[in-house]
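Just so you know, ligand 1 is whichever comes first in the structure, and atom 1 is the first atom listed for that ligand.
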Amino acid sequence: VTSKKLLTLILIIDKEGKKVLLGMKKRGFGVGKFNGFGGKVEKGETIEEGARRELLEEAEIEAIDLERVGMLMFTFEKDLVGLETHIFVTTSYKGSPQETEEMRPEWYTFDQIPFDQMWSDDKHWFPYILENQQFTGHFHFGEDQKAILKHNLNVIQGN
Ligand code: 6U4
Ligand code: NA
Ligand code: NA
C-alpha cells in the first residue's frame, strides 16, 4: 500500500432497544450491502466533521453524540490504495432516519444483524461495537473484494 483514503463509518445504536441502524447501500462502493453510514473525508474537514456530514447526507440525521470506537485499515490485493476507516457510534441524534439517494435505512436487533448481506469483515468486529469495546485492525481482501486473505484485530483494553 502506498497511499490511503480516509473514510468514516457510523453506527447508530439504540442501546435500550438493542438495535442498530444499517443502511442498504444503493450506489457506488459496496452497493447492495448493508453497512453503517459514512464516506470519504473531504479536504478541509476533520474526520469527525466528515462523519457528521455523511450522517446528514445519507440518513438526514444530526448526531448529538459521536464516539470514536475503532479504526480499521482495508486493503485489497493488487491495489495500492488503503482505506483507513474511522468508526463511530452515535446513540443520540436529531431527526428521524430517512431514505436518501445513497442509503435505505433499516433497524436490526443485535441478534439479527444481517452479516450475510454485509462486508465480510463486519462479523469479526461488530461484537466489539455491541460490547462498547474499542478496537483497531487490518483486513486484506482478495481482488474480488470478498475473501479476506488475512486480518488482525486488536481490542483496546481499559474501556
Ligand atoms: P461518494 O459516492 O463519492 O459520495 P462516499 O459516500 O464519499 O462516496 P463511500 O460511500 O464510497 O464514500 O465510502 C465507503 C463506505 O464504505 C465508508 O463508509 C466505509 C465503508 N467501507 C469500506 N470498506 C468497508 C469494509 N470492508 N467493511 C465495512 N465498511 C466498509 O464495514
Ligand atoms: Na457513503
Ligand atoms: Na456520501
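Atom 15 (C) of ligand 1 has its closest protein heavy atom at Gly38 O, 4.4 Å. The protein heavy-atom contact nearest to atom 24 (C) of ligand 1 is Phe74 CE1, 3.5 Å. The protein heavy atom nearest to atom 16 (O) of ligand 1 is Asn35 ND2, 3.9 Å. With respect to atom 18 (O) of ligand 1, the closest heavy atom belonging to the protein is Thr8 O, 2.7 Å. Here the protein heavy atom with the shortest distance to atom 22 (C) of ligand 1 is Phe29 CE2, 3.7 Å. Protein heavy atom nearest atom 31 (O) of ligand 1, with residue, atom name and distance: Asp122 OD1, 2.6 Å. Considering only non-hydrogen protein atoms, atom 26 (N) of ligand 1 sits nearest to Asp121 OD1, 2.8 Å. Nearest to atom 8 (O) of ligand 1 among the protein's heavy atoms is Lys40 NZ, 3.0 Å.
Checking Phe29 against the Na ion (ligand 2), every N/O/S atom stays at or beyond the 3.0 Å cut-off. Put simply, Glu54 stays out of reach of the Na ion (ligand 2), with no N, O or S atom under 3.0 Å from it. At a threshold of 3.0 Å, the Na ion (ligand 3) has no backbone or side-chain N, O or S atom of Glu57 nearer than that distance.
For Lys26 (side chain) and Thr100 (main-chain N/O), a donor-acceptor pair under 3.5 Å exists by modelled atom type. A side-chain donor-acceptor contact under 3.5 Å links Asp144 to the backbone of Ala147.
The atom of Glu58 nearest to the Na ion (ligand 3) is OE2, with the search restricted to N, O or S atoms. Restricting Glu102 to its N, O or S atoms, the one at the least distance from the Na ion (ligand 2) is OE2.
For ligand 1, the atoms sitting less than 4.0 Å from at least one non-hydrogen atom of Lys25 are 10 (O), numbered in the order shown with element in parentheses. In the vicinity of Leu7, heavy-atom distances shorter than 4.0 Å reach the ligand 1 atoms 19 (C). Ligand-side atoms of ligand 1 in range of Glu58: 6 (O), range being under 4.0 angstrom from any heavy atom. Numbered from 1 in the order shown, with element, the atoms of ligand 1 that lie under 4.0 Å from a heavy atom of Leu9 read 18 (O), 29 (N), 31 (O).
Considering all non-hydrogen atoms of both residues, Arg68 and Gln134 come closest at O-NE2, 3.3 Å. The two residues Ser120 and Lys146 have their closest heavy-atom pair at OG-O, 2.8 Å. Nearest heavy-atom pair, Gly142 versus Phe76, reported as atom, atom and distance to 0.1 Å: O-CD2, 4.1 Å.
Counting heavy atoms from C-beta outward, Glu54 and Met103 have side chains that stay 4.5 Å or more apart. In this structure the side chain of Ile129 reaches within 4.5 angstrom of the side chain of Ile13, judged on heavy atoms. Counting heavy atoms from C-beta on, the side chains of Thr90 and Asp65 come closer than 4.5 Å. Contact check for Ile87 versus Trp125: side-chain heavy atoms found under the 4.5 Å cut-off. Side chains of Ile64 and Lys94 form a contact here, defined as non-hydrogen atoms less than 4.5 Å apart.
Cluster annotation: Phe135 and Phe126 are assigned to the same hydrophobic cluster (Ile/Leu/Val/Met/Phe/Trp/Tyr, side-chain heavy-atom contacts under 4.5 Å, transitive).
For the pair Arg27 and Glu102, the salt-bridge criterion is met [side-chain N within less than 4.0 Å of a carboxylate O]. Under a 4.0 Å N-O distance rule, the pair Glu48/Arg52 qualifies as a salt bridge.
At a 4.0 Å cut-off, at least one heavy atom of Glu102 sits close enough to ligand 1 to count as contact. By the 4.0 Å heavy-atom criterion, Phe141 is counted among the residues contacting ligand 1. Residue contacts with ligand 1 include Arg27, since one of its heavy atoms falls under 4.0 Å from the ligand. Contact between Lys33 and ligand 1 is absent, with no heavy atom of the residue lying under 4.0 Å from the ligand. Using a 4.0 Å cutoff on heavy atoms, Gly39 counts as a contact of ligand 1. Using 4.0 Å as the threshold, Glu42 has no heavy atom nearer than that to any atom of ligand 1.
Donor-acceptor pairing under 3.5 Å is lacking for the side chains of His86 and Thr8.
Rounded to the nearest 0.5 Å, atoms CZ (Phe29) and CH2 (Trp119) are 3.5 Å apart.
Between atom 28 (C) of ligand 1 and the options Trp119, Phe126, Phe139, the minimum heavy-atom separation is to Trp119.
Contacts between Trp125 and ligand 1 below 4.0 angstrom, taking non-hydrogen atoms only, involve the side chain exclusively. Counting heavy atoms under 4.0 Å from ligand 1, residue Glu54 touches it through the side chain alone.
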